[in-house]
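One structure is given below, encoded as structure tokens.
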Amino acid sequence: TPRVLSGIQPTGDSFHLGNYLGALRQWVALQDTHDAFYCVVDLHAITVEYDPEALRRRTRVSAAQLLAMGVDPERSTLFVQSHVREHSELAWILGCLTGFGEAGRMTQFKDKSAKQGTGGPSVGLFTYPILQAADILLYTPVPGAGGQGFQVPVGEDQRQHLELTRTLAQRFNHRFGETFALPEAYIPKATAKITDLQEPTAKMSKSSSSPQGIIDVLEEPGSMRKKIMRAVTDTGTEITYDEEKKPGITNLLRIYSALSGSTTGDLERQYAGAGYGSLKKDLAQLVLDTLTPIRERTEKALGDEEQLDRILARGAARAGEVAARTMEAVRDRVGFVGRG
Ligand code: ATP
Ligand code: MG
């Protein structure tokens, strides 16, 4: 079976609707057809300012939400990035193959570094995409061992990082011999970029959206409903799908379509002549119906922390075996002396 890998940062107290529709829903679906590796990327979360106790809590809350959404630890390998030391080790080696200017072209760094406080952006934030490349390539089976169709389900914001990952894999293979298969970004167009409810041209984001702009998976129903009712909409009253002229309504239609299975065209017809208010009201109900069971199952999973940690330990052991095999080949090829 082809392999798939993806990660999510424990940077907030909850995942949001953009994470769910853009990535996590695909994680769950791909388990049926793929050998899946999913990780909570805590090493990535420390690239920006953070609190250690909050990180520890958020890492468990993240894992609990993934289980609640349907990631099945019997079928998939669910683990915490820092438990598998090879991620950091491969990142160093790939970092030595990355040009400084090449890393400097990554737009996520430009966006995020502008928002860092008094200390300014860290070197870790700069090298973030290299660590991400390592996350992925550790699990790409070498060509000839079923390496075709290795997919990485992510949102549109990660496309550039996936390109860099492919470039680094090719460079490594060229310089040291075929080692990594080339991963492919898996980005379903309709949900590739869910936008901020208050700023409908910017992506919904754990670390930069305002509380009013983001729908959290673990949010109270009342607050969720209010935010959707107050979502920024566009001038005019017509409900039409038009990213340029009506980014607010278009975002709501995309969310509605993804959750209901109706096409955006169907929705335009269904709400022809109706006001924004009635669309928002129905959408709020749909969002609540989707997220409420996830919130309840998350609470349940968090209720048994020992069980949760056991699941993560098992995942780390399984991921660690694959990662160790990859690193053995990598160390040899780059010219390190074996430890014997
Ligand atoms: P942060 O602001 O801390 O970077 P984030 O909201 O961007 O948090 P990540 O953990 O960086 O979340 O990303 C997890 C996954 O969710 C990635 O695959 C990313 O592409 C996807 N994703 C994030 N935001 C959106 C969005 N607004 N629409 C669609 N997909 C998204
Ligand atoms: Mg992000």
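Remember, it's 1-based here, ligands and their atoms both numbered in the order they're listed. Treat the numbers as computed from the prediction; the structure is a model and nothing was measured. Every heavy atom of this structure was used, including side-chain atoms; hydrogens, water molecules and symmetry mates were not.
The parts of Met204 lying near ligand 1 are both backbone and side chain, judged by heavy-atom distances below 4.0 Å. In Thr11, the part holding a heavy atom less than 4.0 Å from any atom of ligand 1 is the side chain. Only the backbone of Thr191 comes within 4.0 Å of ligand 1, counting heavy atoms alone; no side-chain atom from C-beta on gets that close. With a heavy-atom cut-off of 4.0 Å, Ser205 touches ligand 1 through backbone and side chain alike. Only the side chain of Asp157 comes within contact range of ligand 1, with a heavy atom under 4.0 Å; no backbone atom does.
Interface of Lys203 with ligand 1, defined as ligand atoms under 4.0 Å from a residue heavy atom, comprises 5 (P), 6 (O), 7 (O), 23 (C), 24 (N), 25 (C), 27 (N). Atoms of ligand 1 found under 4.0 Å from any heavy atom of Gln158, numbered from 1 in the order shown, are 20 (O). Taking a cut-off of under 4.0 Å to the non-hydrogen atoms of Val154, the atoms of ligand 1 that pass are 18 (O), 20 (O). Residue Ala23 has at least one heavy-atom neighbour below 4.0 Å for each of these atoms of ligand 1: 15 (C), 16 (O), 18 (O). In summary, the atoms of ligand 1 found under 4.0 Å from a heavy atom of Gly22, numbered by their order in the structure, are 29 (C), 30 (N). Interface of Gly155 with ligand 1, defined as ligand atoms under 4.0 Å from a residue heavy atom, comprises 18 (O), 19 (C), 20 (O), 21 (C), 30 (N).
Residues His174 and Arg171 are not in side-chain contact: their nearest non-hydrogen atoms beyond the backbone lie 4.5 Å or more apart.
Ligand 1 has at least one atom lying under 4.0 Å from a heavy atom of Ala192. Taking a 4.0 Å cut-off on heavy atoms, His16 registers as neighbouring ligand 1. Under a 4.0 Å heavy-atom criterion, Asp196 is not in contact with ligand 1. Residue Lys112 places a heavy atom less than 4.0 Å from ligand 1.
Looking at Asp266 and Gln270, their side chains never bring a donor and an acceptor atom within 3.5 Å of each other.
Aromatic ring centres of His161 and Phe109: separated by at least 6.0 Å.
Of the candidates His44, Gln108, Gln158, Gln158 is the only one forming a side chain to side chain donor-acceptor pair (under 3.5 Å) with Gln132. Residue Ser209 is tested with Asp216, Thr195, Asp196 for a side chain to side chain donor-acceptor pair (under 3.5 Å); the sole match is Asp196.
Among residues at least two apart or in separate chains, ring pair (Phe, Tyr, Trp, His ring centres under 6.0 Å) pairs with a member in residues 6-30 are Trp27-Tyr38.
Heavy-atom neighbours of Glu238 CD from other residues, nucleotides or ligands within 6.0 Å: at or below the threshold of 12. In Lys110, the NZ atom is crowded: over 12 heavy atoms of neighbouring residues, nucleotides or ligands sit closer than 6.0 Å.
Ring pair Tyr139/Phe79 is tilted by interplanar angle, where 30° to 60° counts as tilted.
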